[in-house]
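What follows is a single structure, written as structure tokens, with notes after it.
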Amino acid sequence: MNEEIMYHIGLPTSLRAKYAILPGDPGRVPKIAQYLEDPCEEGCNREFRTWSGHLNGERILVTSTGIGGPSASIAVEELLRLGVDTFIRVGTCGGMHEKVCAGDVVIATGAIRMEGTSREYLPIEFPAVADFGLVRDLVDGAKALALPCHTGVVQSKDSFYGQHSPRSMPNGAELIRKWDAWMAGGCLASEMEAAAIFSVAAARNVRAAALFHVVWNQTRRDKYGDHCESHDTDRAIRTAIEGLRLTIERDQQLKA
């Protein structure tokens, strides 16, 4: 039997699915899959680890993307070839706005394109925004679980240490100037994949959203001496599962 195997994610085209959850960390994949029915591992190649399961009768793929926009865009492109048209990124972030605390959930409505991958899909003037219906379902999912969440713009970057140690960079003055502008505009948090995923989704005419667990907030540390950190991503994962459940129900009603 001849079937194509996706070069990077290592999955066969016979593994069909409409929905995918995208963590960055391969180690987080089975943790997410445990919330699905009949979870099982489908493959692992490079940074791309995939488990599958079912939710409301639909097959769900949980595929890790690794760190950053380039590998995230590869995962989305190859999952598209398996029939996926709905992507929800579940990741971690650092809080920027002072109202965002460690352990909170942030649901992105859009992402600042401070990365390179999206520029190979769309001109920089084109905004990287999440699908409105998915955002609504994620917010409703958080409410159903009685979990507080924040919605708004996040920043997507390529250089982790460019954010955390900008003064050590030859280009540090520009990094700091832009950071101050994003803070003034009310940016909620900083992460590394959403802008690329939103841009690929727009270019390929599919749906994408992203939500994040806040690990810590350097603004709160500097302003209030708040050194709290949180590494338990369960709230964000449960919000993603509940939001996706609502999306599937809505899709099934429309199909009926």
Side-chain angles (χ1 to χ4, degrees), residues 4-13 15-29 32 42-52 60-94 106-132 134-135 138 153-163 189-212 236 240 244:
E4 185 181 1
I5 303 296
M6 293 296 98
Y7 183 78
H8 297 92
I9 63 177
L11 301 177
T13 52
L15 184 64
R16 307 297 292 177
K18 179 180 173 67
Y19 305 93
I21 298 174
L22 306 176
D25 182 1
R28 200 175 300 132
V29 171
I32 296 171
E42 299 288 355
C44 186
N45 186 51
R46 302 186 183 189
E47 63 264 53
F48 306 107
R49 184 181 188 185
T50 298
W51 281 52
S52 70
I60 312 297
L61 298 181
V62 184
T63 300
S64 58
T65 66
I67 298 175
S71 60
S73 69
I74 287 171
V76 171
E77 289 277 20
E78 296 192 0
L79 287 168
L80 283 167
R81 290 161 172 78
L82 306 185
V84 178
D85 65 11
T86 303
F87 300 87
I88 297 180
R89 163 159 159 68
V90 181
T92 57
C93 68
V106 169
I107 299 171
T109 56
I112 296 166
R113 294 171 58 188
M114 186 62 179
E115 38 71 58
T117 302
S118 68
R119 296 168 188 250
E120 297 196 25
Y121 284 87
L122 293 161
I124 192 61
E125 294 83 4
F126 195 98
V129 295
D131 178 83
F132 176 79
L134 295 182
V135 170
L138 290 172
V153 173
V154 301
Q155 177 238 16
S156 297
K157 58 185 180 290
D158 273 345
S159 172
F160 180 87
Y161 291 102
Q163 178 210 324
S190 178
E191 58 84 59
M192 299 184 71
E193 291 82 20
I197 292 172
F198 293 167
S199 296
V200 177
R204 302 302 185 217
N205 194 29
V206 295
R207 302 183 293 186
L211 72 160
F212 311 95
L244 183 54

Side chains of [X] and [Y]: does their closest heavy-atom pair fall under 4.5 Å?
| X | Y | result |
| --- | --- | --- |
| V154 | C93 | no |
| V200 | I197 | no |
| I74 | F48 | yes |
| V76 | L22 | yes |

I need the minimum non-hydrogen distance between [X] and [Y], along with the two atoms involved.
| X | Y | value |
| --- | --- | --- |
| L82 | M6 | CD2-CG, 4.2 Å |
| G27 | R49 | CA-NH1, 4.2 Å |
| A130 | V135 | CB-CG2, 3.6 Å |
| A240 | V90 | CB-CG2, 3.4 Å |
| A20 | L79 | CB-CD1, 4.1 Å |

Is there any side chain to side chain donor-acceptor pair (under 3.5 Å) pair reaching into residues 63-74, and which pairs are they, with sequence neighbours excluded?
->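 Qualifying pairs: T50-T63.
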Strictly distance-based, threshold 3.5 Å: is any side-chain N or O of [X] a donor or acceptor partner for the main-chain N or O of [Y]?
| X | Y | value |
| --- | --- | --- |
| R113 | F126 | yes |
| R28 | G91 | no |
| S156 | A195 | yes |
| N45 | H8 | yes |

Sequence-distant partners of F132, ring pair (Phe, Tyr, Trp, His ring centres under 6.0 Å), two or more places apart |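 With neighbours one apart ignored, the set is empty.
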So L80 and F87, side-chain contact (heavy atoms from CB on, under 4.5 Å) or not? Walk me through it.
-> CA-CA 10 Å; L80 283 167; F87 300 87; 4.0 Å; yes
Any side-chain donor paired with an acceptor under 3.5 Å for S52 and E42?
->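 Per modelled atom types, S52 and E42 side chains form a pair under 3.5 Å.
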Could you give all pairs that pass the salt bridge (Lys or Arg N to Asp or Glu O under 4.0 Å) test and reach residues 68-93, with sequence neighbours left out?
->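 Applying salt bridge (Lys or Arg N to Asp or Glu O under 4.0 Å) to every pair that reaches into residues 68-93, excluding sequence neighbours, yields K18-D85, E77-R81, E77-R204, R89-E191, R89-E193.
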